[in-house]
Amino acid sequence: MKYLILFLLGIQVSFAQSVIKYSTSNAHSHNDYEQSIPFQLAYQQGFGSVEADLYYRNDSLFVSHEWKDIQSDRTFSKLYLQPIVALCEKNGGSIYKDKSKPLQFLIDLKTPADPSLTALVRELAPYEKFLAPKGNVKIVISGNTPKPENFSKYPAYIFFDGRPEVNYTKEQLERVGLISQAFAKYSKWNGKGIPVEKDKKALVEVISKIHALGKPARLWASPDEVNAWKVMMNMGIDYINTDKVTELGAYLSKRKNAEYKNNESYFPYQPTYLNNDKTGKVKNIILLIGDGMGLAQIYSGLTANNGRLNLSGFLNIGFSKTASSDNYITDSAAGATAFATGKKTRNRAIGVDSNLVAVPSITTLVRPKGMKTALISAGDITDATPAAFYAHRPERSMQTEIASDFSLNPVDIMIGSGYQHFVKAGNIEIIKKGGVQVSNQWSDLAGMKAPFILLDSSQTVSKLKGRGDFLVDSFKKTLKSFESSPKGFFIMAEGAQIDYGGHANIMPYVVTEMLDFDRLVGEALKFADSNGETLVIVTADHETGGLTLLDGNIKAGYVDGNFSTTDHTGIMVPVFAYGPHSLSFRGIYENTEIYEKIMKVIKKQIP
Ligand code: MG
Ligand code: ZN
């Protein structure tokens, strides 16, 4: 018991600092018998608590909302007791397959305790082994409960729903399974935003008081919608009271992937804004693409990193409209083709226009002019985003053909994964004969000299699975290789997996990839300041996941996301620009304009 009190107090005190592990075990199905399938709907979602109103009539127990609505076939036994017993028998004595997972069954007595409770005890007695404290189905009596001094007259498997304003003796408290009160006693809050300070204080106080007694807390008739559930969770409620069983079940079952708390925040690079408002010479161009990075992804990173990002340093910001030639919502193939060639194309198409005719990419246009070129990705280098910069194929899945296109449109440095596609394409020896170093060992990076290809799949796992500083190290190596290039360079580096996290609807994935990409942005800004002739552009091909943020705490580095799709969305994405000519990236324009703006700057430099 002492442990329980400490544990519950711990939740209460620390809610703003740490992520509470809420699950459907915290869900309470109020008036459960009114659901389309009583008990089963809540049970199948793993609810920790269900509630039924009980009437005693003709020596039988009925489940009903009103006396007048009692139906002869809606008995306590049929709707609840029999299914519960059947499940316990099936699961070796436990209500859930997971034997550590209990179920609280709140029985709201609508007829007087005597004789209703006596009838109930008679029905429950044969199944005592399944009932707490012996089993893990906890029967808690609410409504017409007996007086606390009479609690002890009932069998040990009968617990009672207490009230926070009642002072129980130690013995009585042992029979209290739960402490509940009406939400309206503390607040008139409608569930939008947050309760006013006075109400919030009253609510937190009552929950704390209940926790101090070592009991779980429930507030009935509380506002019943997503925002209200989250606010109640932030206040440390144990059972979220709901009539929306399906919705709350879906919401709570996604909690694990919805939250992220960052424990290793970093300080961003502080830019000097050298030539940021000038239109002078541009020698180098760095294009950083956060695949699937929309505003919510960026703000989730900013929140997780305690309110700071390298991206926050940009002053010249625009928005890119991302639609492809054949769809309101682009994919990464059409998105990258727009940046690489200035042409809108069909989804899935790589480096070709909407008629599937090959169009030259930036890299193939600038390389003959002496600019060094590099493609870096935290994913497969034959995947859509990097592929659009060197391949021309109608279909992104043609990865072997995409790899073979590299021989026609080479770049000076290529780092990512996808070595196997080059093996299949059979062009590694040809590439090597052309004087290009090729390796599939990450450990070779330091010793490699441009032109080189380094593709090592073991290094492009997610950040969560240990990718480490792959992106930053690849980028630094490339900068070092190109820094003395007389005609400058063009580098495209991709944070490929922000998109993967969005598709997977996993916030920890999105945020860790977002922060990794932002570190890359910091390196680009640092380099730009070191030479004053570098234009840095950071953008996304599209947003992924339809992400919104329903809660967050900048101080705690905590973020709570909500996805609306497992695919891409059609909303505009930001474009951040830094260095000379960055001013021209302000405004709202098509994604193809990014290509146009880059080429305009390059043409000014090398006609
Ligand atoms: Mg990509
Ligand atoms: Zn995607």
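Because the structure is predicted, anything quoted here is derived from the model rather than measured. Order of appearance sets the numbers: ligands from 1, and atoms from 1 within every ligand.
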Engineer: How wide is the angle at the Zn ion (ligand 2) between NE2 in His503 and NE2 in His568, to the nearest 10°?
Structural biologist: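 Rounding to the nearest 10 degrees gives 90°.
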
Engineer: Can you find a heavy atom in the side chain of Ile317 that is under 4.5 Å from one in the side chain of Val575?
Structural biologist: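 Sidechains of Val575 and Ile317: no contact.
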
Engineer: I'd like to know: is the Zn ion (ligand 2) within the 2.8 Å range of an N/O/S atom from Asp567, strictly under that distance?
Structural biologist: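 No N, O or S atom of Asp567 is closer than 2.8 Å to the Zn ion (ligand 2), so no.
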
Engineer: Check whether any side-chain heavy atom of Asp444 lies under 4.5 Å from a side-chain heavy atom of Phe452, and answer yes or no.
Structural biologist: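 SC-SC contact between Asp444 and Phe452 ruled out.
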
Engineer: Measure from the Mg ion (ligand 1) to every N/O/S atom of Glu494 and report the name of the nearest one.
Structural biologist: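 Nearest N/O/S atom of Glu494: OE2.
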
Engineer: How about Ser377: does one of its N, O or S atoms come closer than 2.8 Å to the Mg ion (ligand 1)?
Structural biologist: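 Not a single backbone or side-chain N, O or S atom of Ser377 is under 2.8 Å from the Mg ion (ligand 1).
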
Engineer: Do Phe470 and Trp442 have ring centres separated by under 6.0 Å?
Structural biologist: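 For Phe470 and Trp442, the ring centres are under 6.0 Å apart.
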
Engineer: Looking at side-chain heavy atoms only, is the closest gap between Phe489 and Ile285 below 4.5 Å?
Structural biologist: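 The answer is no, as the side chains (C-beta and beyond) never meet within the 4.5 Å cut-off.
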
Engineer: Does the gap between the ring centers of Tyr390 and Phe406 come in under 6.0 Å?
Structural biologist: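 Between Tyr390 and Phe406, the centre distance is under 6.0 Å.
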
Engineer: Asp291: which N/O/S atom is nearest the Mg ion (ligand 1)?
Structural biologist: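 Minimum-distance N/O/S atom of Asp291 relative to the Mg ion (ligand 1) is OD2.
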
